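What follows is a set of notes on a single structure, which appears directly below.
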Number of protein chains: 2
Amino acid sequence: MSPAAPRTSNEAIVAAARLLLESGGTEAVTMQAVALQVGVRAPSLYKRFADRATLMTALADDIAADLAEAVAPAPDVRDPREAVRAMAARYRTFARRAPQSYQLLFATAGVAPSPGPNSLASADVLHLAGALAGPDDALEAARTLVAFAHGFVSMELAGAFRLGGDVDAAFDYGLETLIRGLHTHAS
Amino acid sequence: MSPAAPRTSNEAIVAAARLLLESGGTEAVTMQAVALQVGVRAPSLYKRFADRATLMTALADDIAADLAEAVAPAPDVRDPREAVRAMAARYRTFARRAPQSYQLLFATAGVAPSPGPNSLASADVLHLAGALAGPDDALEAARTLVAFAHGFVSMELAGAFRLGGDVDAAFDYGLETLIRGLHTHAS
DNA sequence: ACCTGAACACCGTTCAAGT
DNA sequence: ACCTGAACACCGTTCAAGT
């Protein structure tokens, strides 16, 4: 017989890691747990990933790609304000549906640096921000929008909003405040 | 002789943990490392803290208190916009000086829930936000300001701003956009 | 060429035994 | 009343040995 064909794949490993992450947090994604999930022993994982940190980076990349896809705007971008609202809503929905995955994206501690949260403030957001605030301010406006969106959902996931009130309404309020401020400045 | 007087204290332990945190990140604050730092063995720590998670919570509380103090506004709050600028600047300065400490405040994973990032959006911010956006919108305006500030420094610390540009200017730009938006809405 | 058991270093935690 | 060494379970990682 031919000597040993692969019994798993990088994709299966990352998928298993992601499942463990969402159900049990970062500390649940153990080399042993991941290995067993894909039907293999822990040492075998080191054939495909140098160490746990590398696996976690691959996991973060996988999540980042899904977030980018989930947030991508619909083709019909008539009103930039409407497009920003739609993107922000999708962004927040993603974070709330997969809180552990979302948080991993911003856990600097030895994980991030591949595509990272960077690709977020990329093309689409930049374009919309430019349409809203004027092309000269596109980068700064995009960073402002992303900072607000990330900050809000990050605090929301961390349970930082404990003074009651309508959290959904606060998100809308903040977004409208920004849109208003950006638009006012442009005109 | 009297049988065994304390050789350390909760305060000394938390202080040691904080030093280890800032110099080596969360994973460096090990029960053994903390213990040795205060001149004791790891098992002794369990006399004062139920487990590592409890110690980390105490550490987060300690940091939160310092952040609140560092951000507290000067007595002369003439112009609320000026006061917001000053608080935002102090907030960002704290985060940049002690990035690991700051990030621990928002690491939900089994740490946070004591005073948490909550006390931030508390009294002072609420008051200023009300002065800026009108008392009816105080809570939502405060959440918007804090979300932006946290989101921005969080992304900054995570190295998410890789498209170049002036990061300081982007922070100012975002803050002014918010102030403008809040003020426009109030009037 | 891939997989595994065994081993090592390290960590959190418990506990009986010391003073 | 506090401290400690020893022990346990668990984790990441390496590696010689299997097929």
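Bear in mind the structure is a predicted one, so any value in this text is a computation, not a measurement. Chain A is the first sequence line, chain B the second, and so forth, proteins listed ahead of strands; every chain is numbered from 1.
To the nearest angstrom, P of D/dC11 lies 17 Å from CD of B/E27. Protein atom CZ of A/R41 is 14 Å distant from nucleotide atom P of D/dC11, rounded to whole Å. Rounded to whole Å, atom P of C/dC11 lies 14 Å from atom CE of B/M56. Regarding A/L55, its CG atom lies at a distance of 15 Å from the P atom of D/dC11, rounded to whole Å. Here C/dC2 presents its C1' atom at 16 Å from CZ of A/F49, a figure rounded to the nearest Å.
Contacts classified as salt bridge (Lys or Arg N to Asp or Glu O under 4.0 Å) and involving residues 93-105 of chain A (residues at least two apart or in different chains) are given here: A/R96-A/E156, A/R96-A/D168. Within the structure, the salt bridge (Lys or Arg N to Asp or Glu O under 4.0 Å) test picks out no pair touching residues 37-52 of chain B (sequence neighbours left out).
Residues satisfying the side chain to side chain contact (heavy atoms under 4.5 Å, CB included) test with A/A33, not counting sequence neighbours, are A/L20, A/T30. Remark: B/D172 pairs with no residue by the salt bridge (charged side-chain N to carboxylate O under 4.0 Å, His left out) rule, at least two apart or across chains. In this structure, the side chain to side chain contact (heavy atoms under 4.5 Å, CB included) partners of B/A149, at least two apart in sequence or on a different chain, are B/Y91. For B/F171, the ring-ring contact (aromatic ring centres under 6.0 Å, His included) partners at least two apart in sequence or on another chain are B/F148, B/F152. Scored by the side chain to side chain contact (heavy atoms under 4.5 Å, CB included) test, A/Y46 finds A/M31 as partners (sequence neighbours excluded). The salt bridge (charged side-chain N to carboxylate O under 4.0 Å, His left out) check on B/D166 picks up nothing, with sequence neighbours excluded. Evaluation of the salt bridge (charged side-chain N to carboxylate O under 4.0 Å, His left out) rule for B/R7 yields no partner, not counting sequence neighbours.
A donor-acceptor contact closer than 3.5 angstrom is absent between the side chains of B/T26 and B/Q100.
Near DNA chain C, defined here as any heavy-atom distance below 4.0 Å, there are no residues from residues 12-24 of chain B.
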* Asked: How does protein contact run along nucleotides 12-18 of chain D, one letter per nucleotide 5' to 3', with B for base contact, S for sugar-phosphate only, - for none, heavy atoms under 4.0 Å?
  -> SBBB---
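Looking at A/S44, its side chain never comes within 3.5 Å of a backbone N or O of A/V40 through a donor-acceptor pair.
The side chain of A/S44 contributes no N or O atom lying less than 4.0 Å from OP1 or OP2 of C/dC2. Between B/R7 and D/dA1, a side-chain N or O to OP1/OP2 separation shorter than 4.0 Å is absent.
Listed nucleotides C/dC3, D/dG5, D/dC3 differ in distance to A/K47; the shortest reach to its side chain belongs to C/dC3.
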* Secondary structure of DNA chain D in dot-bracket form (Watson-Crick or G-U wobble, distances below 3.5 Å, | marking inter-strand pairs) -> ||.|||||...|||||.||
